[in-house]
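All values below were derived from every heavy atom in this structure, side-chain atoms included, with hydrogens, water molecules and symmetry-related copies excluded. Since this is a predicted model, take the numbers as computed values, not measurements.
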4 protein chains.
Amino acid sequence: MSGAGTTAASGRSASRGRIDKRQAILDAAMRVFAREGYAQAGVDAIAAEAGVAKPTVYNHFGDKENLFRQAIAADADRALARNMEVVDQLRSEGDLRPMLEEVGFRLLQCHCDDRSWALRRLLYAELGRFPDLIDIVRGRASDRVTEALADRLARLALAGRLRACDPAEAAEQFAALLTGPMEARARLGTRQVPDDELRTVAAAAVRTFLQAFAPEAD
Amino acid sequence: MSGAGTTAASGRSASRGRIDKRQAILDAAMRVFAREGYAQAGVDAIAAEAGVAKPTVYNHFGDKENLFRQAIAADADRALARNMEVVDQLRSEGDLRPMLEEVGFRLLQCHCDDRSWALRRLLYAELGRFPDLIDIVRGRASDRVTEALADRLARLALAGRLRACDPAEAAEQFAALLTGPMEARARLGTRQVPDDELRTVAAAAVRTFLQAFAPEAD
Amino acid sequence: MSGAGTTAASGRSASRGRIDKRQAILDAAMRVFAREGYAQAGVDAIAAEAGVAKPTVYNHFGDKENLFRQAIAADADRALARNMEVVDQLRSEGDLRPMLEEVGFRLLQCHCDDRSWALRRLLYAELGRFPDLIDIVRGRASDRVTEALADRLARLALAGRLRACDPAEAAEQFAALLTGPMEARARLGTRQVPDDELRTVAAAAVRTFLQAFAPEAD
Amino acid sequence: MSGAGTTAASGRSASRGRIDKRQAILDAAMRVFAREGYAQAGVDAIAAEAGVAKPTVYNHFGDKENLFRQAIAADADRALARNMEVVDQLRSEGDLRPMLEEVGFRLLQCHCDDRSWALRRLLYAELGRFPDLIDIVRGRASDRVTEALADRLARLALAGRLRACDPAEAAEQFAALLTGPMEARARLGTRQVPDDELRTVAAAAVRTFLQAFAPEAD
DNA sequence: TATGAATGAGGCTTCATTCAT
DNA sequence: GATGAATGAAGCCTCATTCAT
């Protein structure tokens with residue numbers, strides 16, 4: 001995905017592509033920040049991993065703080081897009097349970113993606129130093145996903161597929177039933193959870209969710 | 001709070017002062033680590049906040065890494081104790097719903113305590129550098145709580161107050177319904193959630209939980 | 001002031017723009033060097049203040065050292081011209097005392113000009129790194145002025161308006177009586193000395209000078 | 001002078017004297033600053049020249065700015081002391097002219113001392129960045145000397161050895177006649193002026209001074 | 001045991017200077 | 001000829017850690 005531009009737009013020389021340095025730096029930064037944490041990550045390491053000289057990083061981003069913010073924002077955008085794509089598959093027609101299980105499973109895949117864990121870890125870690133990160137990320141990711149989920153659940157309720165309920169609360173609880181167990185199971189992102197297990201968790205979440213939110217005259 | 005003991009209990013001997021000093025360093029360390037993060041926290045700052053000289057810290061704890069681990073472990077113990085005390089109030093007799101709501105509310109209070117958020121934030125932040133922290137903390141805190149909760153839910157099921165179910169799964173989902181929503185609501189610990197809201201979340205969690213896990217012939 | 005020429009005189013051709021740009025860089029350089037000192041002055045800042053791109057500066061002047069020398073030399077020329085114009089007003093006819101006072105006053109005005117102080121400050125500052133600056137500036141400014149002054153004093157002595165004396169020594173002491181007190185009074189150029197005070201100093205210098213150098217049969 | 005303490009107070013070990021690091025750093029700092037200028041002087045170089053590690057410099061002085069100020073202040077103190085000692089030799093009894101010539105000569109020696117030129121050069125150079133240096137130095141050096149000189153001239157006038165005059169102005173002009181010529185002759189401190197020449201300048205200064213300020217009925 | 005002073009290593013940032021357009 | 005982007009070198013400062021008392 002990130003390599004796409006690097007490969008395509010290389011107009012002339014292969015020796016020193018002038019092309020995508022900015023993106024390369026952002027990618028490298030996210031990798032290094034995720035690996036080392038903000039304070040421990042060296043700008044040298046980022047520059048090296050991006051294949052540029054250190055001052056180039058500063059030419060593009062000014063200082064380490066701004067580089068961090070931009071890298072976080074970029075990854076939050078990416079995560080939001082992936083989540084939204086999944087939520088979009090939640091339609092009002094079709095078998096409800098398997099659809100919920102599929103959406104739940106895919107949401108868990110997003111949630112347990114390495115980069116998602118890294119993003120969350122950095123967020124937790126650096127909130128003290130960068131309080132505005134919350135707004136940067138929440139404006140772009142988790143909240144928006146929960147809201148979109150609420151929208152779809154509302155339509156399901158209107159269609160009589162769920163019982164009348166507060167869609168925001170339903171979405172909040174559906175999300176909680178999905179992701180809540182993962183913190184322990186993934187050991188905060190240090191363990192790769194296999195898809196089987198994700199499906200199991202999703203199925204359990206959907207089971208509880210439907211027992212609480214299915215239409216009464218089921 | 002920590003100063004009180006330092007002043008009062010130093011009545012006996014010098015050995016008491018030793019312990020006090022050690023505890024003062026641990027407390028100061030946790031405060032500074034929570035405030036600044038591991039990498040940014042200076043041993044100078046910790047020593048200053050503890051009211052001792054820097055080499056004293058090294059005499060007691062060897063190096064910064066070990067100090068960090070000890071401080072984390074101490075706080076994890078404290079958190080475990082508080083949580084256990086709450087879970088212990090989940091008995092098999094009495095009105096189920098209000099009891100669950102009360103326990104849920106108290107668990108949320110623990111979960112949303114400043115020091116709990118700080119602990120989680122440090123955990124997330126430093127997992128890369130200290131992978132063993134997971135075991136230190138999980139062996140002492142969250143998992144043990146969920147297990148204890150599962151024990152109590154099992155007894156409730158045996159007593160016919162819940163329907164037959166996998167108690168581990170029930171506990172996992174009860175915990176998820178409680179704490180899952182808090183990440184967003186507390187803005188990762190940067191917002192102080194009022195007790196009203198905690199009670200609301202607890203009530204909603206219990207409602208969904210009971211709809212899924214109450215005995216069928218309700 | 002520098003922008004005026006840029007806008008107006010660019011009527012003719014492109015060759016004029018070349019010269020304007022060169023002069024604009026020199027002016028900007030002197031301003032920035034005076035404000036920040038040689039080492040601290042950034043070529044970026046000079047280029048920005050001149051309204052050109054950084055490489056343009058290098059195209060014109062090769063490197064920072066040369067730019068510095070050229071800027072210093074240009075300002076030394078300017079200062080020399082102003083001083084010479086004043087000394088030129090020292091004629092052999094007319095009332096001696098008021099004429100000396102007027103010339104002294106005007107020399108002090110030159111000496112206390114902001115740009116003169118800046119030039120001296122830079123000279124003092126960078127002598128270690130640029131020993132040849134002394135020759136650049138002394139060949140263009142202060143020594144030449146003292147010599148011209150000596151010439152005029154010699155003619156005054158020949159005309160019997162001063163007693164026989166070594167004109168070089170007389171000029172040296174006249175200059176000393178004028179400028180010596182200014183270092184303290186102007187606080188090395190950081191205080192703007194009002195004209196009144198300059199006239200007072202000039203009058204005192206002339207008084208002492210004449211008591212020492214007036215013809216004996218006064 | 002600076003070596004005195006270093007040699008004497010070395011209580012125990014010769015390997016790593018704990019004695020005079022602070023003074024050694026100040027001395028080294030002044031040497032390096034004088035040689036390179038403030039901006040160009042590296043703290044590394046200062047530490048190396050002082051024979052200590054870089055952080056030791058920071059432990060003692062906090063940052064480069066403060067180190068600079070302290071070094072300047074120390075040298076200004078030293079210069080003041082030397083000048084005062086000379087002025088103190090200006091008594092009201094004895095032959096006036098030779099005494100003035102001797103004092104003038106010694107003042108010129110102070111003025112033309114390497115460290116004095118270095119101090120003045122740094123002062124001129126860094127006034128822009130450190131405006132308070134003026135007060136630090138003027139409160140300690142040149143002004144105080146001129147005032148002390150004025151005091152002595154006033155006593156000479158009272159004793160009838162000089163004619164009635166404003167002693168401040170007389171001191172100002174005496175100092176001007178002495179030091180004014182040196183700027184050109186010493187090429188701003190880059191040329192070592194031999195004592196003969198200093199005596200010549202002093203004699204000329206005294207000659208002019210006495211012609212202006214000797215009692216009228218001489 | 002507790003401390004003041006010292007250190008070696010390393011990080012962020014800036015700058016003069018040069019390609020390639 | 002003028003520019004935007006890139007770089008190698010270097011500087012200030014901080015920190016975890018250790019002596020010597």
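- Of the residues in residues 51-64 of chain A, A/Lys54, A/Pro55, A/Tyr58, A/Asp63, A/Lys64 come within less than 4.0 Å of DNA chain E through at least one heavy atom, sorted by number.
- Rounding to the nearest 0.5 Å places OG1 of D/Thr56 at 6.5 Å from NE2 of D/His60.
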- Task: Give the dot-bracket string for DNA chain F, reading 5' to 3', where a pair is Watson-Crick or G-U wobble with both distances under 3.5 Å, ( ) marks pairs inside the strand, [ ] marks pairs crossing earlier ones, | marks a partner on another strand, and . marks unpaired.
- Result: .||||||||||||||||||||

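- For the segment residues 122-129 of chain C, no residue has any heavy atom less than 4.0 angstrom from an atom of DNA chain F.
- Not a single side-chain hydrogen bond (donor to acceptor under 3.5 Å, both in side chains) links B/Asn59 to another residue, sequence neighbours left out.
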- Item | Worked verdict on A/Val43 versus A/Leu67 for side-chain contact (heavy atoms from CB on, under 4.5 Å) | CA-CA 10 Å; A/Val43 178; A/Leu67 172 58; 5.5 Å; no

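- Here the options are B/Arg121, B/Arg120, B/Arg115, B/Arg31, the test is salt bridge (Lys or Arg N to Asp or Glu O under 4.0 Å), and the partner is B/Asp75; only B/Arg115 passes.
- The separation between A/Lys21 atom NZ and F/dG4 atom P is 18 Å, rounded to whole Å.
- Of all the residues in residues 36-46 of chain A, A/Ala41, A/Gly42, A/Val43, A/Asp44 reach under 4.0 Å from DNA chain E with at least one non-hydrogen atom.
- Here A/Leu122 contributes atom CG and A/Phe33 contributes atom CZ; the two are 8.0 Å apart, rounded to the nearest 0.5 Å.
- In this structure, D/Asp20 contributes its side chain and D/Gln23 its backbone to no donor-acceptor pair below 3.5 Å.
- By the 4.5 Å heavy-atom criterion applied to side chains, B/Ile46 and B/Lys64 are not counted as neighbours.
- Ionic pairing of D/Arg35 and D/Glu49 is present here: one or more N-O contacts between side-chain nitrogen and carboxylate oxygen are shorter than 4.0 angstrom.
- A search for side-chain hydrogen bond (donor to acceptor under 3.5 Å, both in side chains) contacts involving D/Asp77 returns D/Arg140, not counting sequence neighbours.
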- Task: For the pair C/Tyr124 and D/Leu123, evaluate side-chain contact (heavy atoms from CB on, under 4.5 Å) and give the outcome as yes or no after the intermediate values.
- Result: CA-CA 9 Å; C/Tyr124 269 92; D/Leu123 218 55; over 6 Å; no

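- Between C/Tyr38 and C/Phe130, the angle of the ring planes goes over 60°, which puts this pair in the perpendicular group of the 30/60° scheme.
- In this structure, CG of D/Asp20 is placed 16 Å from C1' of E/dA6, rounded to the nearest angstrom.
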- Output, in order, the C-alpha distance, side-chain angles, deciding distance and verdict of side-chain contact (heavy atoms from CB on, under 4.5 Å) for C/Phe68 and C/Leu133. CA-CA 10 Å; C/Phe68 184 60; C/Leu133 274 190; 3.5 Å; yes

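- F/dA5 atom C1' lies 11 Å from atom CD1 of A/Ile25, rounded to whole Å.
- In this structure, A/Asn66 places its CG atom 15 Å from P of E/dC12, rounding to the nearest Å.
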- Query: Can A/Ile72 and A/Glu126 be said to form a side-chain contact (heavy atoms from CB on, under 4.5 Å), step by step?
  - Reply: CA-CA 11 Å; A/Ile72 292 286; A/Glu126 306 304 334; over 6 Å; no

